[in-house]
Chemist: 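Can you keep this structure in mind? I'll have questions shortly.
Both ligands and their constituent atoms are indexed starting at 1 by order of listing.
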Amino acid sequence: MSSPALPAAAPSRDRVDACPGALQTHAAADGGLARVRVPGGTLDAEQLRALAAAARELGDGHLELTSRGNLQLRGLAPGAEAELGARLADAGLLPSETHERVRNVLASTLSGRTAAGHVDVRPWVRDLDAGLRADPVLAGLPGRFLATLDDGRGDVAGLGGDVGLLALSPGTVALILAGTDSGLRAAPADAVALALAAARAFLAERVDQGSSAWRLAELTDGPARVAARLGGQDGPRVRVPEAPVTGPVGAAGQLDGRTALIGVLPLGRLSADQADMLARLAAEVQLTPWRSVVVPDLAEDAVDDAAVDLFRTGVVFDEASPWLQVTTCAGRPGCAKALADVRADATAAVRAGTLPADGARQHWVGCERRCGRPQGDVVDVVATPTGYRIEED
Ligand code: SF4
């Protein structure tokens, strides 16, 4: 059975997790860093415009896509949090101050729009988000908590969620706990309630174990004990799909005859101008955990122009592009620990065609902490005082 890499021993969690939020920002070397939760990765055009304006007027002019389909703003001046919070609230991006950091919800890309899945998980995203926000107890979830809602295409179930729903058929949904099948099943209409119950059970088990674990996998027998709290089930288990290394790229035909464009943003950077362009092209977009953006619902005669416009700004539609192989941490100037400007160096290597390790999937980092390292096989390109060290397995 596939499962995310789990710690060999439960790490010590003697402090509350410090995951940044929109209000609880992180003081980075280049200014405040705010993380905006985007459940299911879905943003409407007005929200894109609001984020673009905030990035331009309050931050460094860019939005960063995270591996959870969320967004970050960097370079915030001291005191900008209040203005940012007000703008986000006006745009519907901060519907709860108490629960904002726990709204980490990944959903299948293009669910309900293409034929790959068994169900349309978009209503699950709305209902799960609303359910999380409606329960005061769930404000106590760690900021690292992650829910995955997989329509059966197998794209997000393996991405390391604490609680997940995986559609097995149009009528049956499996509850996934810390990357393993719990054996518990629900009808699609009851699935969100089961996921919310699992989130509550995680918190209850954490209390009973006297633990301050940030992730369900860090609890002793966490998945089994949470499943038992929910009534348990002895049936056969399914294999949870491996997380894909990259998501879809290019054009995808939708069930309704329209087309979705999926473009990768190099190093996960979306400029304010690009965000404004996306807002002009579509009523809503979907951010993916692979640092790409889906522009759906394009009429046939609009696809080519949209693709050209986005391509000219640097959006990548070629699945063979080296940009799909490269990720980085923040590096200089954003991180005080960084020994190099890893983004600039990785960008130069892509443009010059000189990526190390024959262009294999690689993660560039500014120090040994290796923040943001993706799951799976990846070459580490680690900055040292004397240059980069290439670590191939
Ligand atoms: S890997 Fe090091 S340099 Fe990069 S963001 Fe993490 S702490 Fe900073």
Side-chain angles (χ1 to χ4, degrees), residues 4-5 7 11-22 24-37 55 59-78 81 101 104 142-144 146 159-160 214-215 218 245 265-271 287 289-291 322-350 355-357 360-393:
S12 167
R13 301 299 194 195
D14 53 4
R15 60 180 172 85
V16 174
D17 79 274
C19 263
Q24 178 184 310
T25 57
H26 166 70
D30 58 348
L33 182 153
R35 187 171 297 159
V36 182
R37 267 62 181 188
D60 68 356
H62 285 80
L63 301 157
E64 293 180 345
L65 276 68
T66 77
S67 61
R68 293 173 162 203
N70 291 322
L71 284 172
Q72 294 182 165
L73 291 92
R74 305 191 73 98
L76 298 168
E81 298 88 353
R101 293 189 319 126
N104 301 302
R144 307 284 171 109
L146 176 64
L159 285 176
W214 295 348
R215 306 300 308 270
E218 295 169 3
V245 170
L265 296 160
L267 307 185
R269 302 261 289 171
L270 176 70
S271 72
L287 311 177
W290 303 282
R291 272 88 168 183
W323 283 119
L324 274 67
Q325 302 299 320
V326 182
T327 52
T328 71
C329 74
R332 282 183 185 159
C335 178
K337 295 188 173 65
L339 298 173
D341 184 343
V342 291
R343 285 173 168 163
D345 293 342
T347 297
V350 169
L355 283 176
R361 187 174 181 234
Q362 53 195 267
H363 186 59
W364 291 53
V365 290
C367 79
E368 299 291 347
R369 288 184 66 176
R370 305 173 195 227
C371 299
R373 190 179 195 275
Q375 293 184 40
D377 293 338
V378 63
V379 173
D380 293 291
V381 183
V382 184
T384 75
T386 55
Y388 285 98
R389 187 175 71 247
I390 314 301
E391 294 183 10
E392 300 180 57
D393 285 337

Chemist: Counting N and O atoms only, with roles assigned by atom type, does the side chain of H62 sit under 3.5 Å from a partner on the main chain of Q72, one being a donor and the other an acceptor?
Modeler: no
Chemist: Measure from atom 6 (Fe) of ligand 1 to each N, O or S atom of C367 and report whether any distance is below 2.8 Å.
Modeler: no
Chemist: With the threshold set at 4.0 Å, does a side-chain nitrogen-carboxylate oxygen contact exist between D30 and R74?
Modeler: yes
Chemist: Considering the heavy atoms of G366, write down every atom of ligand 1 situated less than 4.0 Å from one of them.
Modeler: 3 (S), 4 (Fe)
Chemist: I need the nearest protein heavy-atom contact for atom 1 (S) of ligand 1: residue, atom name and distance, please.
Modeler: C371 N, 3.3 Å
Chemist: At a 4.0 Å threshold, what atoms of ligand 1 neighbour a non-hydrogen atom of R370?
Modeler: 1 (S)
Chemist: Considering only heavy atoms of R369, which atoms of ligand 1 have at least one such atom less than 4.0 Å away?
Modeler: 7 (S)
Chemist: Measure the distance from atom 8 (Fe) of ligand 1 to every protein heavy atom, then report the residue, atom name and distance (to 0.1 Å) of the closest one.
Modeler: C335 SG, 2.2 Å
Chemist: Does the side chain of L355 come within less than 4.5 Å of W364's, by heavy atoms?
Modeler: yes
Chemist: Show which atoms of ligand 1 fall inside a sub-4.0 Å distance from at least one heavy-atom site of A338.
Modeler: 3 (S)
Chemist: Do the side chain of R389 and the main chain of V382 share a donor and acceptor less than 3.5 angstrom apart?
Modeler: no
Chemist: Do NZ/NE/NH1/NH2 and the carboxylate oxygens of D345 and R332 come within less than 4.0 Å?
Modeler: no
Chemist: Whether the side chain of R373 engages the backbone of V378 through a donor-acceptor N/O pair (distance < 3.5 Å, no angle test) should be reported.
Modeler: yes
Chemist: Does any N, O or S atom of C329, backbone or side chain, fall under 2.8 Å from atom 4 (Fe) of ligand 1?
Modeler: yes
